[in-house]
Amino acid sequence: MKSIEKLIAGINNLPTLPTVFATLSEAIEDPRVSIEKLAEIISSDQASAFKVLKVANSSFYGFRGKIDTISQAILYIGFNEVRNIVFALSVMNVFSRDKRLPNYSPTDLWAHSIGVGIITRFIGKGIGERKVENFFLAGILHDIGKIILLEFANEEYSSVLRLVESKNCSMVEAELEVFGMDHARVGQMLAEKWKLPSAIQKTILHHHNGVIENENNIIVASVHIANIAARMLGLGYSGDNHFSEPNLRAWDILKIPPGYFASIYKQVIETYDHTIRIMLVE
Amino acid sequence: MSRLVLVDQIIVGMELEQAVKNRYGQLLLSAQTRLEEKHKKVLRTWGITSVYIKEDIDTSIDLQSSDSQKTEELKQLIQRFQWSPRNPNEEDLFEMVLLKVLASNKCSGSGNL
């Protein structure tokens, strides 16, 4: 079977949606659903519930150490935030962490993605966005296509890495040569299958360019900048050492206050260390 | 404070924040080990790609660093990333990375990220 066919077959065979997330999404459709009921669904997976509490108590949300129960987490940081943390944890569990290649592993890639999620959310806050719950998730999922490629086309992905080395090209160029499509498109196919919000689908597809024609898409621009920032800071590893310039139009869309990045440096590093410990190690 | 560092990016002299065990739970390196080249070899042999390194985070470090040191580090960053800041936002982005480089230098006595 050709690698691209194998890939598509792999995506088609993935679970439709991580179970807890699907049950949660169904429950929220019911206008009479109580916080206790939602908390009960999340708590049905104890390992996830424990991690959700730890993430909710990180300095990221400003309630450090004050949240003891899932009900409190929903009340303090909001249902959508809690649901997105559950979702991110569930997605990480869908894929194996064993599909490593020399100098490149899913764990390094998830660490990079968590770094991007954290910076994306900080950008959202910095530009005064009121609803930032999708920012963290969009950042975490932006490279999901690479995870799929590692999972279902592990051998071919070694060729991509070799091409990056030998031709000194970007991963996108190497992926196009080997698979005929890049990880952004592969990731978007999964997002489509999982019926993720259109904001997340667009981010996965357009995070390299950072802008979409005729749209003022703040999440796409934020993930684009956060991806570059995380690579420059060396948070995790996304497979190559190419540091592309930001798209100038992304800066125009975001209008981030000058000096903002230097002012959040300490918080970014602290939150990153705390979050990878919870999501990847413990 | 600690941060996850790829084995390839370990600088000799860095200090392990957490013990490293192999897939069978056997201890390979204890916490607080000062890493040497031979340790990197052990980690690679066991397929370990990253470890937790102790790191001091001090945001006031930029005030203590001389302008010439910052200018030199900035030149190196521009060379490494192969692009230069074009607007105040990009200068700010480089400033953030510079804070990290200077913090790493303070921790390890080296200039790499």
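In the text below, chain A, chain B and the rest are named by the order of the sequence lines, each starting its count at 1. Just the heavy atoms: all of them, side chains too, but no hydrogens, waters or symmetry mates, feed the values below.
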I'd like to check [X] versus [Y] (side-chain heavy atoms, cut-off strictly below 4.5 Å). Are they in contact?
X	Y	result
A/Tyr265	B/Lys100	yes
B/Arg86	A/Glu245	yes
B/Glu90	A/Leu248	yes
B/Arg80	A/Phe243	yes
B/Glu91	A/Pro258	no

Evaluation steps, side chain to side chain contact (heavy atoms under 4.5 Å, CB included), between B/Tyr52 and A/Ile276 = CA-CA 11 Å; B/Tyr52 282 99; A/Ile276 53 171; 3.9 Å; yes
In terms of heavy-atom proximity below 4.5 Å to chain B, should A/Thr107 be classed as side chain, backbone, both, or neither?
-> neither
With only heavy atoms counted, which part of A/Leu254 is less than 4.5 Å from chain B, the side chain, the backbone, both or neither?
-> neither
Could you tell me which residues in residues 117-128 of chain A have at least one non-hydrogen atom under 4.5 Å from a non-hydrogen atom of chain B, sorted by residue number?
-> none
Could you measure the distance from the [atom1] atom of [X] to the [atom2] atom of [Y]? Nearest 0.5 Å is fine.
X	Y	atom1	atom2	answer
B/Glu95	A/Ser263	CD	OG	11.0 Å
A/Phe261	B/Asn89	CZ	CG	7.0 Å
A/Ser105	B/Ile48	OG	CD1	11.5 Å
A/Lys266	B/Leu99	NZ	CG	12.0 Å

Axial cation check for B/Phe81 ring with A/Arg231, 6.0 Å and 45° limits | no
Checked A/Pro246, A/Gly259, A/Ala111 vs chain B; the most non-hydrogen pairs under 4.5 Å come from A/Pro246
Among all residues two or more places apart in sequence or in another chain, which pass the side-chain hydrogen bond (donor to acceptor under 3.5 Å, both in side chains) test with B/Asp92?
-> none
With a cut-off of 6.0 Å (strictly less than), are more than 12 heavy atoms of other residues, nucleotides or ligands near CD of A/Glu165?
-> no
